[in-house]
**Q** 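What follows is a single structure, and I will ask about it in a moment.
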Amino acid sequence: MVAGNPLYVAYHDEEWGVPSHDDRYLFEMLTLEGAQAGLSWSTILKKRDGYRRAFDGFDASKVARFDGRKVERLLQDPGIVRNRAKVESTLANAREVLAVQEEFGSLNEYLWSFVGGTTIRNRWTSLREIPAETPESTEMSKALKKRGFRFVGPTICYAFMQAAGLVNDHEVTCFRYREVGR
């Protein structure tokens, strides 16, 4: 985490790694992690409210109906990362979220199946130990890509898994390690 950045500190101290089973939040984090590709997480945190506004609070049923005119408006919105591939991936991913919900009952059920429904609790003593991807994130990435999801490589999937609490990657000395593990 970046010490001194209030958004980053708040995100770490209150949200990162907390297990989430909310489809809307899971779609949000999958989107934000994909948007971060090639950028800093600080940039995405600064634009998070803009993303929530631009993508209707990450209501997948609404986002899936966005059309080409909406994409063009989004590409003019300074509140988000104005990258056509990333914007269009959010729309495509929203449609895939709906398909997953139809097939599995929820996005939650599907995504948590990659970790057996339970948070993987790692025991890192140093940030250097934390991998960029794991067999689980690689499996998730392949499965999501096969379904048509975009911006879901193994590293993005692992960052998503960390953010949404599918894995607990707080260092064991971090005060959040035990809190998140409860």
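Keep in mind that this is a model prediction, so the values were computed, not measured. Side chains are part of it too, since the values below use all heavy atoms of this structure and drop only hydrogens, waters and symmetry mates.
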**Q** Taking V115 as the starting point, is it possible to reach V180 by hopping between hydrophobic residues whose side chains are less than 4.5 Å apart?
**A**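 V180 does not cluster with V115.
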
**Q** Could you please spell out the steps behind the side-chain contact (heavy atoms from CB on, under 4.5 Å) verdict for W41 and E33?
**A** CA-CA 8 Å; W41 188 243; E33 292 295 349; 3.7 Å; yes

**Q** Of all residues at least two apart in sequence or in a different chain, which pass the side chain to side chain donor-acceptor pair (under 3.5 Å) check with E129?
**A**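 Scan of E129 (side chain to side chain donor-acceptor pair (under 3.5 Å), adjacent residues dropped) gives T125.
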
**Q** Kindly compute the distance separating CG (L98) from CG (L107), expressed to the nearest 0.5 Å.
**A**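 Output value for this atom pair is 10.0 Å.
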
**Q** Looking at every heavy atom in both D77 and A54, which two are closest together, and how far apart are they?
**A**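 That would be OD2-CB, 3.8 Å.
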
**Q** If we only count heavy atoms from C-beta on, is the R24 to D59 side-chain gap below 4.5 Å?
**A**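 Yes; the side chains approach each other to less than 4.5 Å.
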
**Q** Is there side-chain contact between F160 and V152, with heavy atoms separated by less than 4.5 Å?
**A**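 In short, these two side chains do not touch, never coming nearer than 4.5 Å.
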
**Q** Hey, what do you get for CZ (R121) to NE2 (H170), rounding to the nearest 0.5 Å?
**A**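 Taking CZ in R121 and NE2 in H170, the distance rounds to 11.0 Å.
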
**Q** Do R48's NZ or CZ and the ring of Y11 fall within the cation-pi criteria of under 6.0 Å and 45°?
**A**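 R48 over Y11 ring: no.
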
**Q** Is the backbone N or O of P154 less than 3.5 Å from a side-chain atom of T138, with the two atoms forming a donor-acceptor pair by type?
**A**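 Between the backbone of P154 and the side chain of T138 there is no qualifying donor-acceptor contact (under 3.5 Å).
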
**Q** Do the ring planes of H12 and W16 sit parallel (below 30°), tilted (30 to 60°) or perpendicular (above 60°)?
**A**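 Geometry flag for W16 against H12: parallel rings.
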
**Q** In the structure I gave you, are the side-chain heavy atoms of S141 and F114 within less than 4.5 Å of one another anywhere?
**A**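 A side-chain contact under 4.5 Å is absent here.
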
**Q** Check the hydrophobic clustering (I, L, V, M, F, W, Y; side-chain heavy atoms under 4.5 Å; chains of links allowed) and say if V18 and L45 are grouped together.
**A**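 No: no chain of side-chain contacts under 4.5 Å links V18 to L45.
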
**Q** Does any part of the side chain of E88, heavy atoms only, come nearer than 4.5 Å to the side chain of R150, both counted from C-beta?
**A**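 When only atoms from C-beta onward are counted, E88 and R150 do touch, with a gap below 4.5 Å.
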
**Q** Is the closest side-chain heavy-atom distance between N93 and T31 below 4.5 Å?
**A**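 N93 vs T31: side chains apart.
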
**Q** Roughly how far, to the nearest 0.5 Å, is OG1 of T43 from CG of L7?
**A**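 The CG atom of L7 sits 11.0 Å away from the OG1 atom of T43.
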
**Q** Looking at side-chain heavy atoms only, is the closest gap between L111 and S106 below 4.5 Å?
**A**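 Of all side-chain heavy-atom pairs linking S106 with L111, none is under 4.5 Å.
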
**Q** L91 versus F55: any side-chain heavy-atom pair under 4.5 Å?
**A**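 In contact.
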
**Q** Closest approach of F151 and G34, non-hydrogen atoms and distance?
**A**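 Heavy atoms only, the tightest pair is CD2-O, 3.7 Å.
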
**Q** Is the count of non-hydrogen atoms from other residues, nucleotides or ligands lying under 6.0 Å from K70 atom NZ greater than 12?
**A**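 Enclosed.
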
**Q** Would you say L127 ends up clustered with M161 if hydrophobic residues are merged whenever their side chains have heavy atoms under 4.5 Å apart, either directly or through other cluster members?
**A**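 Same hydrophobic cluster.
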
**Q** Any ion pair linking R69 and D67 (charged N to carboxylate O, less than 4.0 Å)?
**A**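 Counted as a salt bridge, because a side-chain N and a carboxylate O are separated by less than 4.0 Å.
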
**Q** Of all heavy-atom pairs between A60 and V97, which one has the smallest distance, and what is that distance?
**A**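 Minimum heavy-atom contact is CB-CG1, 3.8 Å.
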
**Q** So, R176 and E14, do they make that salt bridge, N to O below 4.0 Å?
**A**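 Salt bridge absent between R176 and E14.
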
**Q** So which heavy atom on A163 is nearest to which on Y25, and how close?
**A**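 Between these two residues, the closest heavy atoms are O-OH, 4.0 Å.
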
**Q** How long is the gap from CG on L166 to CE on M29, to the nearest 0.5 Å?
**A**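 Output value for this atom pair is 11.5 Å.
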
**Q** Take R147 and Y110, measure what side-chain contact (heavy atoms from CB on, under 4.5 Å) needs, and give me the verdict at the end.
**A** CA-CA 12 Å; R147 290 186 158 278; Y110 180 66; 3.3 Å; yes

**Q** Do the side chains of L75 and V81 join up, straight or via other hydrophobic residues, at under 4.5 Å, putting them in one cluster?
**A**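 Yes, it is one cluster - the side chains of L75 and V81 are joined through contacts under 4.5 Å.
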
**Q** Write down the atom of L26, the atom of A164, and the distance for their closest heavy-atom approach.
**A**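 Between these two residues, the closest heavy atoms are CD2-CB, 3.7 Å.
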
**Q** Same cluster or not: are I130 and V172 linked, directly or through other Ile, Leu, Val, Met, Phe, Trp or Tyr residues, by side-chain heavy atoms under 4.5 angstrom apart?
**A**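 No, no single cluster joins them.
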
**Q** For the residue pair F58 and Y51, categorise the inter-ring angle as parallel (less than 30°), tilted (30 to 60°) or perpendicular (more than 60°).
**A**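 Rings of F58 and Y51: parallel, under 30°.
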
**Q** Decide yes or no for Y177 and R123: does some side-chain heavy atom of the first lie under 4.5 Å from some side-chain heavy atom of the second?
**A**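 Counting from C-beta outward, Y177 and R123 do come under 4.5 Å.
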
**Q** Could you state the interatomic distance from OG1 (T90) to CD (E28), rounded to the nearest 0.5 Å?
**A**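 Nearest 0.5 Å value for the OG1-CD distance: 11.0 Å.
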
**Q** Could you tell me whether the side chain of D23 and the main chain of N108 form a donor-acceptor pair under 3.5 Å?
**A**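 A pair under 3.5 Å: yes.
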
**Q** Using atom types as modelled and distance alone, determine if a side-chain donor or acceptor of K86 lies under 3.5 Å from a backbone N or O of L32.
**A**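 No; judged by distance alone, with no hydrogens or angles, the pair does not exist.
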
**Q** For the atom pair CZ (R95) and CZ (F66), what is the distance rounded to the nearest 0.5 Å?
**A**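 These two atoms lie 11.0 Å from each other.
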
**Q** Looking at every heavy atom in both I156 and A37, which two are closest together, and how far apart are they?
**A**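 Heavy atoms of I156 and A37 come nearest at CD1-CB, 4.1 Å.
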
**Q** Please say whether more than 12 non-hydrogen atoms of neighbouring residues, nucleotides or ligands are located less than 6.0 Å from CZ in R178.
**A**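 It does not: R178 CZ has 12 such atoms or fewer within range.
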
